[in-house]
Amino acid sequence: MAGSRRQYPFHLIEPKWQHTWDEQQAFRAFNPGESVPAGHPFGVRHQLSGPVAATQLPPKFYILDMFPYPSGAGLHVGHPEGYTATDILTRYRRACGFNVLHPMGWDSFGLPAEQYAVKTGQHPRKTTEANIANFKRQIKSLGFSYDWSRELATTDVEYFKWTQWIFLKLYNSWFNPETNKAEPIETLSFPADCTTEAQRRSYRDSKRLAFVSEAPVNWCPELGTVLANEEVIDGKSEVGGFPVIRKPMRQWMLRITAYAEKLLADLDTIDWSDSLKEMQRNWIGRSEGAEVDFQIAECGVRSAESKIRVFTTRPDTLFGATYMVLSPEHKLVPQITTAAQKQAVEDYKAYAAGKSDLERTELAKEKTGVFTGAYALNPVNGEKIPIWIADYVLASYGTGAIMAVPAHDTRDFEFAKKFNLPILQVVQPPDAKTDWQGFTDDGTAVNSGFITGLPTPEAKAKITAWLEEKGLGKKTINFKLRDWLFSRQRYWGEPFPIVWKKGPDGQSYHEALPESALPVLPPTLEDYKPTSSGEPPLARAKEWLNAVPGAQRETNTMPQWAGSCWYYLRYLDAKNTAGFVGKDVEQYWMGVASGLWPEKPALSADTTKPGVDLYVGGTEHAVLHLLYARFWHKVLFDLGYVSTPEPFFKLVNQGLILGEDGQKMSKSRGNVVNPDDILKEFGADAFRLYEMFMGPLQETKPWSTQGVAGVYKFLGRVWRLFVDEQSETEFEQAETTAAAQDGAALLKLIKLDARLKDVAPTPAQLKTLHTCIKKVTEDLDAMRFNTGISAMMVFVNDAIGWETRPVAVMQTFLQLLAPFAPHVAEELWDRVAAICPQPPGNLPYAPWPKFDPALLVEDTLEIPVQVNGKLRDVIKVSATADNATLQALALASEKVQPFIVGKNIKKVIVVPKKLVNIAVG
RNA sequence: GCCGGUGUGGCGAAAUGGCAGACGCACAGGACUUAAAAUCCUGGGACUAUAAAAAGUCGUGUGGGUUCGAGUCCCACCACCGGCACCA
């Protein structure tokens with residue numbers, strides 16, 4: 001590849017236009033109330049200048065990328081895939097007349113900068129700033145049309161000030177089940193027995209959306225921090241893959257579980273892929289069932305509680321419950337264990353507690369457990385059934401106890417077989433051939449007293465009603481979703497706006513700092529190391545720690561996800577110092593748009609949809625960022641700060657780009673492609689075009705540098721459609737020999753091709769053009785970039801043979817190309833202007849061309865003729881030929897004759913203008 | 001195990017139930033050139049047959065089905081990718 005002739009001077013064109021766009025602030029998006037400078041291309045297009053009201057602005061379109069974590073490694077080819085797709089759509093929508101918001105920023109808190117600080121002592125801010133500068137350079141070199149005036153980083157003091165502000169809102173709110181939404185904590189009324197200040201404080205603290213919990217958490221010793229459930233995969237940390245253990249610690253939690261129902265239900269209102277919605281549904285894990293109380297049987301054991309509550313999704317199998325299982329950590333275990341079993345139970349508890357999450361998963365195949373010696377009574381029939389403990393029952397789900405129905409639950413079945421517990425059939429499979437043992441689907445109740453004979457759903461309903469009537473149980477919904485563990489023992493994160501005080505009773509309690517205390521800045525440290533005890537590094541800064549009189553600062557910091565939970569809102573109003581986002585501005589960009597404008601433009605996009613119109617990013621955030629951000633947004637919605645219950649209306653996941661060898665790109669495989677190298681050899685336009693030409697955006701696909709060369713060659717053909725070959729050669733000679741390396745002067749040597757003329761196009765040329773307009777427009781609407789590009793290739797393959805190239809046709813083609821390859825399109829657009837009868841205007845804001853269907857109709861059609869579905873001939877007919885003519889011509893065809901003579905023609909299908917099929921028998 | 005997705009030439013891929021393989025890569029042949037590169041033109045699913053052409057048969061993971069007609073719709077299965085995984 002090296003040494004091959006350059007297809008066109010992208011190395012001069014690309015920096016030139018990037019510079020021009022910057023200078024013009026060409027891609028600045030205007031907020032209601034902002035002033036459009038005279039001569040700004042947006043103002044020229046929409047005839048606006050000076051201050052503009054929301055009603056004057058054209059319809060909005062908000063296209064968002066998942067902002068990157070600026071790692072030291074720089075951009076990889078996966079980043080620009082999504083960014084290119086959104087940039088193409090941004091440029092397209094802009095040309096269609098929308099006010100498009102397309103911002104970029106940096107998710108810059110994170111572990112790598114902190115780990116680097118631990119190693120070298122360099123402040124994470126310095127590392128972060130250097131990485132951001134590198135990322136920004138790389139992203140800018142791709143010619144994306146971001147509105148850089150809205151750039152933000154989550155580590156900016158002016159940004160995390162508002163992250164802390166939102167935390168205060170969470171802290172000062174509770175979820176009111178009556179109104180089914182978050183409300184200020186002041187609306188919470190105290191129970192009658194809450195009289196002292198300490199009682200009231202602790203009651204409020206137990207209801208806040210941000211609260212402190214002492215529960216066992218995921219502690220990662222290697223990282224020196226705790227992690228959220230979502231960050232633990234197979235018992236290992238998502239970052240680094242280090243072992244994670246359960247350890248009780250005092251931690252900040254966010255009450256995301258209060259929103260479980262809404263987070264689940266509202267998935268139906270947004271346009272996300274099925275797989276992504278399914279992932280969130282599974283993570284939330286709603287299941288309907290019943291809680292049932294089992295009486296503990298008298299057997300000489302004294303217990304404060306007399307019953308054990310279980311959760312089951314199959315109350316209809318209650319008659320088949322032949323034993324019970326408690327999780328080893330269940331609080332009743334010590335109370336019910338008999339003296340004889342005490343030692344065995346304690347040994348087992350120690351064994352279970354010693355297992356890490358990882359071991360617990362790995363050992364999942366073999367069931368273990370011990371008998372407590374105690375018995376319970378089955379509430380439906382009074383049967384005495386043994387109570388066991390086993391670690392296949394989780395303390396953290398349901399009630400931490402189950403009734404075991406070995407006949408119809410796989411796990412209970414395995415356990416019962418191993419420990420020889422009775423297995424009793426209570427469900428008859430619908431298919432008589434199916435073995436009832438281990439049958440877990442719906443069937444018909446058998447051996448089940450008053451529900452015998454009922455199909456499973458009815459049996460469930462009847463027995464649940466019966467339990468409720470007798471006060472033995474009730475219908476219940478359980479979720480897998482846990483509250484969000486929100487504190488980290490790290491330096492490089494947002495400090496909590498919280499202090500701790502000691503009450504008169506000696507108990508310490510937490511208190512929020514006032515808004516006026518924001519931002520809470522982290523201290524400067526010499527040593528960034530985490531401490532092995534779990535004490536965060538912030539605790540080392542004694543002066544900072546005690547800066548608030550009579551109190552100590554909270555030393556935990558927020559997780560990296562905090563900043564990304566609301567960055568899409570800050571973009572709307574990035575410079576606002578009075579609030580996290582202005583109300584009018586939020587309503588314009590995020591609100592329901594209907595009614596704001598007199599009429600909807602005639603486009604396929606439905607501008608009445610609320611929130612971010614399009615969000616593109618990787619699938620790795622399916623249950624992390626995308627769940628957390630929805631949660632925060634819903635809280636802000638309940639509190640009246642945002643207009644919509646959902647932040648991201650349409651979401652598309654770009655597929656993974658694999659290495660040239662078809663494997664995942666990784667340093668160790670040595671198959672990583674660096675965008676800088678590709679840009680140097682082929683230019684940004686070719687890089688962008690290739691990333692889109694590879695295949696459908698959502699698909700996983702392998703990289704091919706030869707493929708880049710292919711689209712690069714296509715751009716060269718486009719270039720040669722417009723420029724004179726002779727002048728190009730002179731330019732090249734000048735470039736290699738001349739001392740003067742002034743790019744602008746060199747480019748002037750290149751002249752337009754003489755075949756480019758201001759003449760009326762032929763019908764054939766118009767047809768080629770309009771076919772291309774139609775296809776590209778439809779493909780952009782559907783985000784089918786690869787086929788849109790191939791349509792442009794078809795145009796060029798045709799046009800390259802034209803002896804005269806009408807300016808009007810060629811210009812329109814450049815408009816189609818511009819979203820994909822903006823630099824070369826601008827350069828040629830600029831040059832063609834010289835021979836244009838009328839000034840063509842600013843390319844990014846030139847109105848998107850419309851195709852004329854009248855130009856696409858054919859005079860003659862080629863109609864395939866099939867016999868029994870097999871192609872036998874293609875006949876040429878006039879487009880006006882009726883069905884009878886078509887049929888006659890088809891039957892008369894010489895090539896068709898041999899297949900129909902002497903056969904019985906059963907039927908002739910004529911699809912108008914499409915096809916003839918003759919069915920013979 | 002459960003959930004979601006994907007299977008089409010040597011490769012990336014196209015095809016509202018209507019000519020399978022558009023477009024591109026790689027490859028082959030030709031033109032230009034002292035030569036090469038670049039460029040331009042042409043070819044191409046497999047098989048059979050033929051000097052060549054015309055022609056025919058088969059062909060979208062496998063097996064069935066619906067239909068005049070299936071890559072596309074239905075049923076069963078297989079493989080691969082992604083997610084979840086003792087959640088009662």
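First the proteins, then the strands, lettered A, B, ... as listed; each starts at 1.
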Q: Can A/Glu691 and A/Arg688 be counted as an ion pair, charged N to O under 4.0 angstrom?
A: no

Q: Categorize A/Lys870 for me: base, sugar-phosphate, or nothing, with a 4.0 angstrom heavy-atom threshold over every strand shown.
A: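 The answer is sugar-phosphate, as A/Lys870 gets under 4.0 Å only of primed atoms, P, OP1 or OP2.
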
Q: Determine whether the side chains of A/Tyr690 and A/Thr705 contain a donor N or O and an acceptor N or O closer than 3.5 Å.
A: no

Q: Is B/G5 in the syn range, within 90° of 0, or in the anti range?
A: anti

Q: Starting at atom NZ of A/Lys367, determine the distance to atom C1' of B/A88, rounded to an integer number of angstrom.
A: 11 Å

Q: Any N or O donor-acceptor pair under 3.5 Å from the base of B/C84 to the side chain of A/Asn282?
A: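 Under the 3.5 Å cut-off, the side chain and the base do not form any donor-acceptor pair.
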
Q: Have a look at A/Gln866 and say if it touches a base, only the backbone sugar-phosphate, or nothing, with a 4.0 Å heavy-atom cut-off.
A: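 The residue A/Gln866 makes base contact.
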
Q: Report which part of the nucleic acid A/Lys914 touches: base, sugar-phosphate, or nothing (heavy-atom distance under 4.0 Å, all strands).
A: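 It contacts base atoms.
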
Q: Please classify the nucleic acid contact of A/Lys906 as base, sugar-phosphate, or nothing, using heavy-atom distances under 4.0 Å.
A: nothing

Q: Counting the atoms with a prime plus P, OP1 and OP2 as sugar-phosphate, which does A/Ser275 contact under 4.0 Å by heavy atoms, base, sugar-phosphate, or nothing?
A: sugar-phosphate

Q: Using a 4.0 Å heavy-atom cut-off across all strands, classify A/Asp412 as base, sugar-phosphate, or nothing.
A: nothing

Q: Applying a 3.5 Å limit to both distances, which nucleotide forms a Watson-Crick or G-U wobble pair with B/A28?
A: B/U42

